[in-house]
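In what follows, every heavy atom counts, from backbone to side chain, and hydrogens, waters and symmetry copies are set aside. Just so we're on the same page: letters track the sequence lines, and every chain starts at 1.
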Amino acid sequence: MHGHRPRGLRGARRRLPVRPRREPRPGVRRAAPPGRRQLPQRRHLGRVVPVRVRLAPSPTGYFHVGTARTALFNWILARQDPEGVFILRVEDTDPERNREEWVQAIYAAMAWLGLDYTGPFRQSENAPAHAAALEALRAAGDLYYCDCTPAEVEARRGEGATPGYDGFCRDRGLERSATTALRFRTPDEGTLNVPDLVRGEVAFALSSIDDFVVARRSGEALYALANVVDDRDDRITHVVRGEEHLANAPKQMLLWSALNAATGIEVPLPVFAHLPLLVNEQRKKLSKRRDPVALELYRDQGYLVAAVLNYLALLGWSPRGDEEIVAMDEIVRQFRLEDVAHSPAFFDVRKLTALNGDYIRRLSPEAFAEACRPWVDPGDVAWRPTGYRPAWGLERYDEGLFARVAPLVQERVARLDEVPAMVDFFFIDPAYDEAAFDKVIRHDPEGPAVLSAAVDAYAGLEAFAPAALHAATLALGEARGLSLRKAQAPIRCAVTGRLVGPPLFESLAILGRAETLARLAAALARA
RNA sequence: GCCCCCAUCGUCUAGCGGCCUAGGACACCACCCUUUCAAGGUGGCAGCACGGGUUCGAAUCCCGUUGGGGGUGCCA
């Protein structure tokens, strides 16, 4: 043959993670939940084959929320099979467009999501196998050299003709040179049915599939080939990816079969599942350029990973019953590719945010306070939103105090990044909202009067506690014919700088008598 | 142009021939609760794209129309 020995399953030999992992290996797995629903089992040579799926992102930009959903669905599938394997393979062919920082971003995103995997592997590591596959196919007569430029191909294309390449060089018998690329000879007639678990079978007329390029002039294998070789080497059983890849499926099947024949290694073809696209309000595919698609962005804004995962699962799929907030174990138990919707889904940040608020409220007070640390603790934290630092320093920050305040804000935020603005007055002098200050203190004659009455009343309080503060404020308001709603406004503004915030009397009690009185006096002075 | 996919409230979806007077969630509106803002509670608004079939019966099956989208790279 051609001296080419395809590797077996990716495993011990080559398959060592290419980099030391800095983040702790996320997630725990193994135990598949009881009562799970299985993927239709795949058999090969009479044996049931464990599910092997993969995520194959290219490092050409931020980690996309759509990629996150694809990752999640693949991960779920692997989890449903006690022997299932989920591989992360970074498709880093095309040196022109890849950047190392983006591959790091892929690892970071996966770590945050907590989706554990086998790998990570890099497509570039498998370049020798790609070259060997190219040689095997060429020797078998499946490939031919072509020196047409894109412009020439374009110029020859007639009106209404089959798109793509016209087969001009098919029988020219060109040799390898610096100006020849390698094309795959595709059949001209017949139909190819792509088995797709979400859509059923999709039929393609072979006449509509052109002789596509599998290797550049430089000789390097292109995605079209590398992807198939890697999936074969990895013994992938289910190719689960976005719908934008649907048109690639028949080409990949053709290549896969040709590789089986050319190498004499019969690897069963995978079955496909093309997930509906995630779209923006204009119903266009989410784009890295116009839409907020970077997963990192959501983490920075204080979305909880559990909420993000839950929301992603709801895009194109839904749990049984009326409850949408579902634990991951339950999602794994219920998920079936066959139930995935066929139509594109709008990525609705408002719904994500609402779901996130729900998740925040379900946190224990301790867990909530801990989750807030990157936003409130000026000390050392494991992670910080990009470009953010609390507005207060260590000397003013009090962890115990924040723990007492946290429950007050927990039910008031839908994102963690809203927390600092809600608690800042505990750690810094009030940053006055001047419009608010004018409204309820400077330009309202009752304002200063309420303030000085509060100074007197609060100073004489036996216990500086919420109930007493409430009663005192109610009383001083009534003395002026003011509702509690009206009476609390100037006090809140004087002490917190704003008109909205956590419950006032609890806040004052936590702040303490001395500080409260001082702020009341300060506000009176600047009125 | 050509190939392919898709079509239930504004949005995400349930529905897989009779349980549908079409269910839930987000958003929106009203009311209640209330020291602000939220949260919470109650109620409301709102949908089967259109036209033909098939059937005793269609949101559900078939065909067509229209409308959206994806692909059409020596990108992935």
Looking across every strand, which nucleic acid part, if any, lies under 4.0 Å from [X] by heavy atom: base, sugar-phosphate, or nothing?
| X | value |
| --- | --- |
| A:Pro150 | nothing |
| A:Ser218 | nothing |
| A:Asn227 | nothing |
| A:Ala354 | sugar-phosphate |
| A:Thr60 | nothing |
| A:Leu222 | sugar-phosphate |
| A:Cys493 | nothing |
| A:His274 | nothing |
| A:Glu506 | base |

Counting just side-chain N and O atoms, does A:Lys284 come under 4.0 Å of either OP1 or OP2 of B:G68?
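Answer no for this pair, as no side-chain N or O of A:Lys284 is under 4.0 Å from OP1 or OP2.
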Among B:U35, B:A76, B:G70, the one nearest any side-chain atom of A:Gln488 is B:U35
Q) Can you find an N or O donor on one side and an acceptor on the other, under 3.5 Å apart, linking the side chain of A:Asp322 with the base of B:A25? A) no
5'-most contact on RNA chain B: A:Ala247 or A:Asp92, nearest heavy atom basis?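 Looking at RNA chain B, the more 5' nearest nucleotide goes with A:Ala247.
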Toward the 5' end of RNA chain B, which comes first, A:Ala221 or A:Leu504, by nearest nucleotide?
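Closest to the 5' end, via its nearest nucleotide, is A:Leu504.
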What's the gap between [N] and [M] when it is taken at their [atom1] atoms, as a whole Å value?
| N | M | atom1 | answer |
| --- | --- | --- | --- |
| B:G69 | B:G51 | P | 24 Å |
| B:G43 | B:G23 | P | 14 Å |
| B:U60 | B:U8 | C1' | 11 Å |
| B:C16 | B:C62 | C1' | 16 Å |
| B:C20 | B:C48 | C1' | 11 Å |
| B:U66 | B:C29 | P | 39 Å |
| B:C9 | B:A59 | C1' | 13 Å |
| B:A58 | B:C19 | P | 11 Å |

Integer-rounded Å distance: [N] [atom2] and [X] [atom1]:
| X | N | atom1 | atom2 | answer |
| --- | --- | --- | --- | --- |
| A:Leu469 | B:U36 | CG | P | 16 Å |
| A:Arg485 | B:U36 | CZ | P | 5 Å |
| A:Leu355 | B:G24 | CG | P | 18 Å |
| A:Arg492 | B:U34 | CZ | P | 16 Å |
| A:Arg361 | B:G40 | CZ | C1' | 9 Å |
| A:Asp433 | B:C37 | CG | C1' | 14 Å |
| A:Arg99 | B:C75 | CZ | P | 19 Å |
| A:Gln410 | B:C37 | CD | C1' | 16 Å |

Q. Should A:Asp142 and A:Arg185 count as an ion pair when the cut-off is N to O under 4.0 Å?
A.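 Answer for the salt bridge query: no.
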- request: May I ask you to say whether A:Arg172 pairs ionically with A:Asp147, meaning some side-chain N is under 4.0 Å from a carboxylate O?
  value: yes
- request: Show your working on side chain to side chain donor-acceptor pair (under 3.5 Å) between A:Tyr359 and A:Asn310 and close with a plain yes or no.
  value: CA-CA 10 Å; A:Tyr359 269 87; A:Asn310 193 153; 2.5 Å; yes
Please tell me whether A:Asp211 and A:Tyr144 have a donor and an acceptor in their side chains that are separated by less than 3.5 angstrom. yes
Nucleotide by nucleotide, nucleotides 5-12 of chain B touches protein heavy atoms under 4.0 Å in the pattern (B base, S sugar-phosphate only, - none) SSS---SB
Quiz item: Can A:Tyr145 and A:Ser177 be said to form a side chain to side chain donor-acceptor pair (under 3.5 Å), step by step?
Solution: CA-CA 9 Å; A:Tyr145 287 105; A:Ser177 79; over 6 Å; no
Taking the six-membered ring of A:Tyr165 as reference, does the NZ or CZ atom of A:Arg183 fall below 6.0 Å from its centre and within a 45° cone about the axis?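 Output yes; distance and angle both within limits.
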* A:Phe425 six-ring face occupied by A:Arg498 cation (under 6.0 Å, within 45°) ->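 No, A:Arg498 does not sit over the ring of A:Phe425.
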Original post:
Stacking check: are the rings of A:His245 and B:A76 less than 5.5 Å apart at their centres and under 30 degrees in tilt?
Top reply: yes
- [ ] Look at atom CZ of A:Phe346 and say whether more than 12 heavy atoms of other residues, nucleotides or ligands are closer to it than 6.0 Å.
- [x]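 Yes.
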Test log, rule side chain to side chain donor-acceptor pair (under 3.5 Å), inputs A:His274 and A:Arg199
CA-CA 8 Å; A:His274 290 97; A:Arg199 282 152 220 280; 5.6 Å; no
